[in-house]
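Just so you know, these numbers come straight off a predicted model, no measurement behind them. This chain uses plain numbering: 1 for the first residue, then up along the sequence.
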Amino acid sequence: IDVSIERDVSRDDVVQESLLIVLTKVGRFQHAGKGTLRAWLKAIARRCWLTALMQREDSRLRELGVLYSESNDEIARLEAEFDEMLRMSLLDRAMQQVRGRVHESTWEAFVQTAIQGHSAEVAGAALKLTVGAVYSARARVQRMIATDFRHLYAHSDLAPLRLPER
């Protein structure tokens, strides 16, 4: 921790508390790519340091600690919201790419069953396709969308995403 800590907050105490938390939570840590362990450790150390500052007698530091904690929570919320919006944008782009590569009836079979929730029987009757053809079309489009999404995601600024492999 490269921050100057006042006499009431011992660096050793903060490091010790950080290590205890790491030891109790390391089993639940999920590595999601380069830098994630470092970021996880840094977040734990920062929280321990902030907790130590907030426990001090100095009320101004306690106020600053609360503001810091609230701003970090808000920043994390905004980052998560931005990431979700970007993922949705990538999904929409992947869907548009796939739509341009498949026959209209294949796309409609996907839309009617996967998005609109119609049964394969209803979609098949409307599109003049067999139930098996509707299931096949939906599965093919879903695979294509997932592949395109993974490709777009891999070339985006988002942190690595854990998607199930097929």
Peer 1: What distance do Gln96 atom CD and Leu91 atom CG have between them, rounded to the nearest 0.5 Å?
Peer 2: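 Answer for the CD-CG pair, Gln96 versus Leu91, is 10.0 Å.
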Peer 1: Would you call Lys25 and Trp40 a side-chain contact if the rule is heavy atoms closer than 4.5 Å?
Peer 2: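 A side-chain contact exists here, since the closest heavy-atom pair is under 4.5 Å.
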Peer 1: What distance separates Thr106 OG1 from Met144 CE, expressed to the nearest 0.5 Å?
Peer 2: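 Separation between the atoms: 9.0 Å.
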Peer 1: Side-chain contact, heavy-atom cut-off 4.5 Å: Arg99 with Glu104?
Peer 2: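 Yes, close enough: below the 4.5 Å cut-off.
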Peer 1: To the closest 0.5 Å, what do you measure between NE2 (His118) and OG1 (Thr113)?
Peer 2: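 Going from the NE2 atom of His118 to the OG1 atom of Thr113 covers 9.5 Å.
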Peer 1: Measure from the side-chain N and O atoms of Ser136 to the backbone N and O of Gly132, and report whether any donor-acceptor pair falls under 3.5 Å.
Peer 2: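 A pair under 3.5 Å: no.
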Peer 1: Is there a path from Tyr135 to Ile145 through hydrophobic residues (I, L, V, M, F, W, Y) whose side chains come within less than 4.5 Å of each other?
Peer 2: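 Not linked; separate clusters.
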Peer 1: Does Leu152 share a hydrophobic cluster with Val102, counting links as ILVMFWY side-chain heavy atoms below 4.5 Å and allowing steps through other members?
Peer 2: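 Result: yes, single cluster for both.
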Peer 1: Heavy-atom count check: over 12 atoms from other residues, nucleotides or ligands less than 6.0 Å from Arg101 CZ?
Peer 2: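 More than 12 within 6.0 Å, yes.
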Peer 1: Gln112 and Ala123: which non-hydrogen atoms are nearest, and at how many Å?
Peer 2: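 Result for this residue pair: OE1-CA, 3.2 Å.
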Peer 1: Should Val122 and Trp107 be regarded as members of a common hydrophobic cluster, given that ILVMFWY residues are connected when their side-chain heavy atoms come within less than 4.5 Å of each other, either directly or indirectly?
Peer 2: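 Hydrophobic grouping puts Val122 apart from Trp107.
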Peer 1: Ala45 and Ser18: which non-hydrogen atoms are nearest, and at how many Å?
Peer 2: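 Heavy atoms of Ala45 and Ser18 come nearest at CA-OG, 3.5 Å.
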Peer 1: Do Leu90 and Phe110 belong together in a cluster built from hydrophobic side chains that touch within less than 4.5 Å?
Peer 2: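 Hydrophobic grouping puts Leu90 with Phe110.
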Peer 1: Are Glu108 and Val134 packed together at the side-chain level, in the sense that at least one heavy-atom pair is separated by less than 4.5 angstrom?
Peer 2: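 They are not in side-chain contact.
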Peer 1: What's the separation between atom CG in Leu19 and atom CG in Leu41, rounded to the nearest 0.5 Å?
Peer 2: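 Result: 9.0 Å between the selected atoms.
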Peer 1: Report yes if the side chains of Arg93 and Asp148 come closer than 4.5 Å at any heavy-atom pair, otherwise no.
Peer 2: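 Result no, sub-4.5 Å side-chain heavy-atom pair not found.
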Peer 1: Under a 3.5 Å distance rule, please check whether Thr24 uses its side chain to pair with a backbone N or O of Leu20 as donor and acceptor.
Peer 2: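 Side chain of Thr24 to backbone of Leu20, a donor-acceptor pair under 3.5 Å: yes, one is there.
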Peer 1: Test of understanding: clusters of I, L, V, M, F, W, Y form through side-chain heavy atoms closer than 4.5 Å, transitively. Do Leu127 and Val141 belong to the same one?
Peer 2: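 In one cluster: no.
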Peer 1: Please determine whether side chain to side chain contact (heavy atoms under 4.5 Å, CB included) holds for the pair Ile21 and Glu17, giving the CA-CA distance in whole Å, both sets of side-chain angles, and the decisive distance to 0.1 Å.
Peer 2: CA-CA 6 Å; Ile21 291 172; Glu17 184 64 27; 3.9 Å; yes
